[in-house]
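Below: the structure, in structure tokens.
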Amino acid sequence: MAVLGDISRSVRLLLGQMHRCRTTTAGSKSLLLVYMSLAAPQSKPVVDDNEAVNPTFVNRNPRNLEQMALAMKDRGWGTTWPHREFYHRLVFTRSQHHVTAEVLACDSPTPVLSCSTKEWAVKRELASTRCVAACQAVGEVLAERCHRAGIKRMVYRAIPWQFRSDAIQSFRTALKDGGLVLSEPRRQYIAPRVKAPSGPM
């Protein structure tokens with residue numbers, strides 16, 4: 001009889017535990033549904049001294065948009081020659097006595113870089129300041145100066161009836177051998193982001 005009492009007591013304890021487990025799991029499921037339907041609490045942003053923005057911002061690389069081909073180019077009129085759509089333009093002139101090459105920026109009429117046979121450092125190495133060798137020397141020196149200034153691409157359009165001359169061809173090959181690219185990439189246009197419509201239409 002005592003054995004049956006122990007068995008019935010253990011069965012009642014087991015059934016009670018099973019009943020308690022069912023109620024707690026049902027309650028936890030309902031609590032879980034309640035918590036899932038509530039929005040998560042928004043934490044307030046913490047302002048750190050390291051993340052503070054300086055009100056006097058100085059762009060240390062003003063040519064970064066130009067190098068990514070995102071900066072504005074002045075288009076000018078379609079009938080003007082030479083075209084105004086450039087970041088840097090190379091102007092090559094041969095006068096009666098000297099050869100001069102200048103690199104112009106789009107926003108300034110004064111040259112950014114220049115090289116000429118009027119300079120004594122170039123002139124003393126040449127027999128003549130107007131010959132084909134002088135044009136080649138000016139091209140080599142200008143390519144070196146452009147690399148030091150960080151200009152690697154520029155627009156160069158020679159006058160059509162002078163383009164095939166030996167002087168201009170030697171000048172162009174000296175620039176290309178110096179690592180310059182005589183064309184600029186087309187400007188990239190980034191479309192503004194359009195927000196997707198929210199809600200039913």
Side-chain angles (χ1 to χ4, degrees), residues 53-54 56-193:
V53 178
N54 188 358
T56 56
F57 174 73
V58 177
N59 187 3
R60 296 186 184 198
N61 187 5
R63 292 184 54 226
N64 57 354
L65 291 178
E66 171 193 316
Q67 290 170 352
M68 292 187 295
L70 295 174
M72 294 286 291
K73 284 187 180 181
D74 184 16
R75 286 196 241 175
W77 297 96
T79 55
T80 58
W81 193 91
H83 296 291
R84 302 207 35 151
E85 194 170 357
F86 60 86
Y87 296 125
H88 291 98
R89 181 168 65 98
L90 178 62
V91 178
F92 178 73
T93 54
R94 281 178 82 194
S95 68
Q96 199 170 12
H97 299 289
H98 292 286
V99 175
T100 305
E102 296 175 337
V103 178
L104 300 171
C106 60
D107 55 353
S108 173
T110 59
V112 178
L113 291 171
S114 66
C115 181
S116 176
T117 54
K118 296 175 186 175
E119 301 173 17
W120 173 245
V122 178
K123 185 179 185 180
R124 71 178 176 184
E125 301 292 329
L126 300 171
S128 171
T129 57
R130 197 179 178 277
C131 63
V132 176
C135 296
Q136 183 177 357
V138 167
E140 291 170 358
V141 172
L142 187 70
E144 178 66 28
R145 289 179 184 176
C146 286
H147 272 292
R148 289 186 182 181
I151 300 171
K152 298 199 165 81
R153 301 184 74 125
M154 63 187 71
V155 172
Y156 174 59
R157 293 185 181 93
I159 299 172
W161 55 87
Q162 294 179 353
F163 180 71
R164 295 192 183 274
S165 69
D166 293 337
I168 292 194
Q169 290 299 319
S170 66
F171 175 71
R172 283 175 54 95
T173 54
L175 287 174
K176 288 182 179 179
D177 292 343
L180 291 182
V181 179
L182 297 179
S183 64
E184 288 183 340
R186 292 188 60 157
R187 185 176 164 223
Q188 298 176 3
Y189 295 93
I190 297 177
R193 292 183 181 173

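Each residue takes its place number in the sequence, starting with 1. Only heavy atoms go into these numbers, but all of them, side chains included; no hydrogens, no water, no symmetry mates.
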Using 0.5 Å steps for rounding, measure from the [atom1] atom of [X] to the [atom2] atom of [Y].
X	Y	atom1	atom2	value
Leu142	Arg145	CG	CZ	7.5 Å
Met154	Leu182	CE	CG	7.0 Å
Gln136	Cys131	CD	SG	9.5 Å
Thr117	Arg94	OG1	CZ	10.0 Å

What heavy-atom pair brings [X] and [Y] nearest, and what distance separates the two atoms?
X	Y	result
Cys106	Phe86	CB-O, 3.1 Å
Ala143	Ala174	CB-O, 4.5 Å
Leu126	Ala137	CD2-CB, 4.0 Å
Ala149	Leu113	CB-CD1, 3.9 Å
Pro185	Arg153	CD-NE, 3.3 Å
Thr110	Ser108	OG1-OG, 2.9 Å

Result for side-chain contact (heavy atoms from CB on, under 4.5 Å) between Tyr156 and one of Leu175, Leu90, Val181 points to Leu90

With respect to Thr100, which candidate in Pro111, Ser116, Cys115 satisfies the side-chain contact (heavy atoms from CB on, under 4.5 Å) definition? Ser116

Output, in order, the C-alpha distance, side-chain angles, deciding distance and verdict of side-chain contact (heavy atoms from CB on, under 4.5 Å) for Arg130 and His98. CA-CA 5 Å; Arg130 197 179 178 277; His98 292 286; over 6 Å; no

Taking the inter-plane angle between the rings of Phe171 and Phe92 on a 0 to 90° scale, is it parallel (under 30°), tilted (30 to 60°) or perpendicular (over 60°)? parallel

Closer than 3.5 angstrom, by distance alone: can the side chain of [X] be matched with the main-chain N or O of [Y] as a donor-acceptor pair?
X	Y	value
Ser114	Ala101	no
Thr129	His97	yes
Glu184	His88	yes

